[in-house]
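Here is the structure we will look at.
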Amino acid sequence: MLGEGIIKGMLETARNFAGSYVSKERLITVQYPEEREALPENARVFPFLVYDGPEWLPGLRCVACQICEKECPPKCIYIDKSADKKPDAAGKPQNYPTRFDIDVSVCMSCQICVEVCPFDAIKMDKQFEYSTDDRFGGLLLDREKLAKSNEYYHQIHPVEANEVDTRLAEERAAAAAKAKAAAEAAAAKAAAAKAAAEKAAAETPAAAPAAEKPAAPKPPTSGGGGA
Amino acid sequence: MSPVFYILSIVTIAGGLAAVLLKNLVHCALAVSVAFAGLALLFLSLDAQFVGFAQILVYVGAVAILVVFAILLTRGSDQPRESFFSRTWGIGLVVAAAVFAVLGWAVLQSSSALPRESAVPVASVHDIGVALVGRYVLPLEIVALLLTAATVGAVIVAMHEKDGTR
Amino acid sequence: MITPILARQEGWNRQPEIVPDGEGELLEVAMGPHHPSTHGVFRMDVTLDGERIIKLKPVFGYLHRNHEQLGETMSYLAIMPYTDRLDYFSSLSNNWGYALAVEKLAGIQVPERAEYLRVILAELTRIQNHASSVGFLIQDMGASGTPLMYAFKEREKILDLFESLTGSRMMCNYMRFGGCRVDTTAEWLNQARKVVAGIPAFADEFEALLTTNEILMARTQGTGILRPDLAVNAGITGPLLRASGVNYDIRKVDRYGIYDRFDFKVPLGEHGDVYDRFMLRLLELRQSVRILEQALKDIPEGPIMDPKSKIRGFRPKPGEAYGRIEAPKGELGFYVISDGTGNPYRYRVRPPSFVNLTILEDMCLGQNVADVVLILGSIDIVLGEVDR
Amino acid sequence: MSGTNLPATVDQIFITFTHWVAHFFPSAFQPIVADVLGVIGIISVFPGLFAITVLLERKGLGRMQNRYGPNRVGPWGLFQPVADGIKALTKEDVVPFHADNVVHFLAPLILLTAVFMGFAVLPVGHHMELMNMDAGLLFFFAMGASSELSVFMAGWSSRNKYSLLGAMRAVAQMISYEVPLLLTSVIVVMLTGSLSLPRIVEAQAGYSGILPHWYVFTPMGFAAFIMFGIAATAETNRSPFDLPEGESEIIAGYFTEYSGFKFAMFFIAEYLAMFSISGIATTLFLGGWAAPFSFLTVVPSWFWFFAKVMCFIFVFIWMRGTLPRLRQDQLMNFAWKFVLPFTLVDLVVTGIWRFMGEGILRWIVCSLILIATYLIMGRTGMVRKPFAPRSYRYAE
């Protein structure tokens, strides 16, 4: 009632006033364009497409299964699936996106696409400076702009990328082992059916990719067809 | 009679006329304050500093505001009157003429009482103070008492009203 | 346990008699949608007698984004990031509320470590929400933002924690059905311990600055009184209800998650005025620190996701569930009906801000126009949640 | 010779300069030239001070809130006022369609004129006042009072409800606090026996030992100083009395509908009013241009005046950074039920002081009366509903 509270409050602000000159801790402002804080490993901004190997187009992990397009909450991903198949980084023929656009002005950085992707093909970038004067074109990233190498992925999310790489390597090894087993089985079969006509021998190479198919991690059951 | 006097007179009279003639009541009140200010400047041109400043302080600072508040609180501030002359303009004219006559008579009467040849009157603040609490102490106290009574009365009236409506 | 909800009494919602003086005109002012202190786009059509409120009509919906209908058209998982945007000040609480509802629906168990993580994140959210809401309240009172800046300074540290764990400062999108998305590191936990240890000092500073300030007390004490019976009947929850003296905290009532393991108390107000709400937030903030200290001490090792729960092709069996939590602003409930497909048949949010806002007129009648912004600030609304 | 005269020379440098310029003109014009130079001085110095103060205020507030404050335009943000000025000048001047054009246009002009007039009587240094009037103090308050009308004009002519509410608040507040403002200065007038500001400063310019004879160092002077400070804060619409422009309630009050340069004029007027009222407080209670210690008289007098004014400004900023705003009825209660009665008691105490004569006794008596009054009125008056810190119960 007599103004003690007011004086107490004034002393508090005075303490902060003086304190801001002596202790750097009080000033938490980051002077952005000059000062930049390192983003934490988990930081996420907009998605990008990972490719293996030196070339971006053949190396894209994306097989245009369109799960992310379907799951994306704000529906900002636009994919056109190719009619033909091209060999991917592992040399396996796969579909590929003829168009893969992300409208980052719509994207809400929720990471759902990353979580649903069965191929570890789409990941979250840390690049956030997208300001442009072209509101529509400049913020619609096509597949060339989206494609970033696996090395870049390692750079921005080292721990996660290592995990992904080991998992992919294991899966590939498993697939290769399976394929080898299948090929051997097929070869054995072929040997057993040596008596059969040459027609059967010609079939063996075709059987190998067919045997590979179940080894791919969980192919979309309805995703591709439903979209 | 310097040009300053004429300019100030014109401003004051114009303010007074505007106060009567303008249609918007708030504009009238603002014009009144112009007249007040002109009057204050006239006092100042007569070297009567204390009266001049008191005029500004009391009239421009308080009375004009009071008038404006009264206008805003009582009726809409922007209802233009239908006709330029109100219906009772005749009575108004008579009253104004009467007041003017009385004032004129008083001025004429007093001019004979004043010594014509007096030099510039020295009315310093000090003199006014001495006069107020010396020779004129009784009128001052009476006025003070009157004003206090008026204030108390206003408070009582206001309190009564408040009780009535609640 | 629960203070019994009072029977609907005769005339409980009758408005206090406010008679205009009869002299002078009533002034109708539309406060908002462009007004500095409506906390977003919100309008109050206020009828004034002088500066006294005769009538107040809250008008909202300017920020309507079709949240519920949108949710019914997309998969269960895809709703999760949208819940962040309900009450954008406390996205993690929203995540938890929605996850809780869907877990109930699908019968998923959450691993221990994930439960601890959820408690830690929810309480951190509560701290930053309460601190900044008090800051906004004092800002509405005209303190040129000083308390708000102090609150934001503390909030910044908490948001940094969120960012390093969930990847985003505000739109965390962290919880999943059956656990959490990414695991923490020991480093993060240490950092969190450090931040939590600094919060009491911040609260002390805040209290020294504000709680005994004469102007603040004069402004807030006796302003915007909410009677407990009216509060209960109107469905008010959260600090607003507890400030009226009703002991109702869903953390204690439902004991959802693992809240029964922690030792904390629920502060209660007595007068139900703005000052009580202001103080309750500060006291709850300190209680949250207590919970956090315990949780950060006890957090076990282990998995953070129920291995049975699926990310892709999540289709709970037909049924319905209502999950509710004590969000910083009150009871946040999610009601989900499943018809066995990949997206909910019905999805409904019970936002605390919206329900709490309904009582605005009753608290404002007869008060000064300057108090309206104060009372509105003390309700602590976020328009993203009100309008959905 | 120069060693002894140097301080005096520096002290009177502006006067000397004025005389030097004036002597180029015929003697009939010399007083006018000197006056014009003085006016130019006021018109250039105080708006310059305004620019610095706005920057300092933003910086100071920032530091109190643990921010940096403006630091982008120029080194340490020094050119921020320039940028603000350019912005204000180049912005479109929007006048509401229904506004009363003439009054809307005149309001900022009259306000700024009235505020500038107040500086005419301020003694900013030894012999450095534009007009040495007998009734200088009265002139100052008369100018302050006439600014109220322009505030009303601005609010009324905008045809905006917020503007009107703001104007009503502003006028009511200014009139209420003008009474204690005048009464507290009457205390100084009683002590000095003069309404002339230079005379008031000279009365305080003596020293006992090294300590000055400022009125703030007497019991009733100190009390009056505090009350004057409160009333001055309210008179200039500064926080915590910034209700007329309380942006969380009524947007910007009476100048809601002003933009561009007219808005800048209101802004300048607000700060100039702050300077002039700080200047008058300095003159009345803190010895004006007199140095705080006798050995510091070598420093020019005008430096001390501006230093003291800036101290006031800092306190204004400090309060703005700390305090929330009062409510209208509390503001009025505070003025009429606390500040005014206390000032009246103070006035009586001043009379007692005058009649008790020299001695330690009058110090004790006067201080005791004032402290007792403060305690009693602080505990009882002021508010209808008592308020106090509360304690809270917990449910398990």
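The model shown is predicted, which means the values in this text are computed figures rather than measured ones. The chains referred to below are lettered A, B, ... by the order of the sequence lines, with proteins before strands, and numbering in each begins at 1.
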L106(D) versus chain B, the contacting section by heavy-atom distance below 4.5 Å:
neither
For V26(B) and D100(D), what are the C-alpha separation, side-chain angles and deciding distance, and is it a side chain to side chain contact (heavy atoms under 4.5 Å, CB included)?
CA-CA 11 Å; V26(B) 175; D100(D) 196 317; over 6 Å; no
Nearest non-hydrogen partners of I56(B) and M143(D), listed with the distance
CD1-CE, 4.0 Å
Using a heavy-atom distance cut-off of less than 4.5 Å, which residues of residues 108-120 of chain D contact chain B?
none
Closest non-hydrogen contact found for L138(D) with A54(B) is CD2-N, 4.0 Å
Heavy atoms of F141(D) and L57(B) approach each other most closely as O-CD1, 3.3 Å
Crowded around I91(B) CD1? As in, over 12 foreign heavy atoms under 6.0 Å?
no
Need one label for M153(D): side chain, backbone, both or neither, based on atoms under 4.5 Å from any heavy atom in chain B.
side chain
Tell me whether F275(D) at atom CZ has more than 12 heavy atoms from other residues, nucleotides or ligands lying less than 6.0 Å away.
yes
Determine which pairs satisfy salt bridge (Lys or Arg N to Asp or Glu O under 4.0 Å) with at least one residue from residues 165-194 of chain D, sequence neighbours left out, and list them in order.
E51(C)-R169(D), R169(D)-E249(D)
Of the backbone (N, CA, C, O) and the side chain (C-beta and beyond), which part of L195(D) lies under 4.5 Å from a heavy atom of chain B, both, or neither?
side chain
Gap between atom CG of L137(D) and atom CZ of F53(B) - 0.5 Å precision
11.0 Å
Out of V103(D), V171(D), I175(D), return the one with the most heavy atom pairs under 4.5 angstrom to chain B.
V171(D)
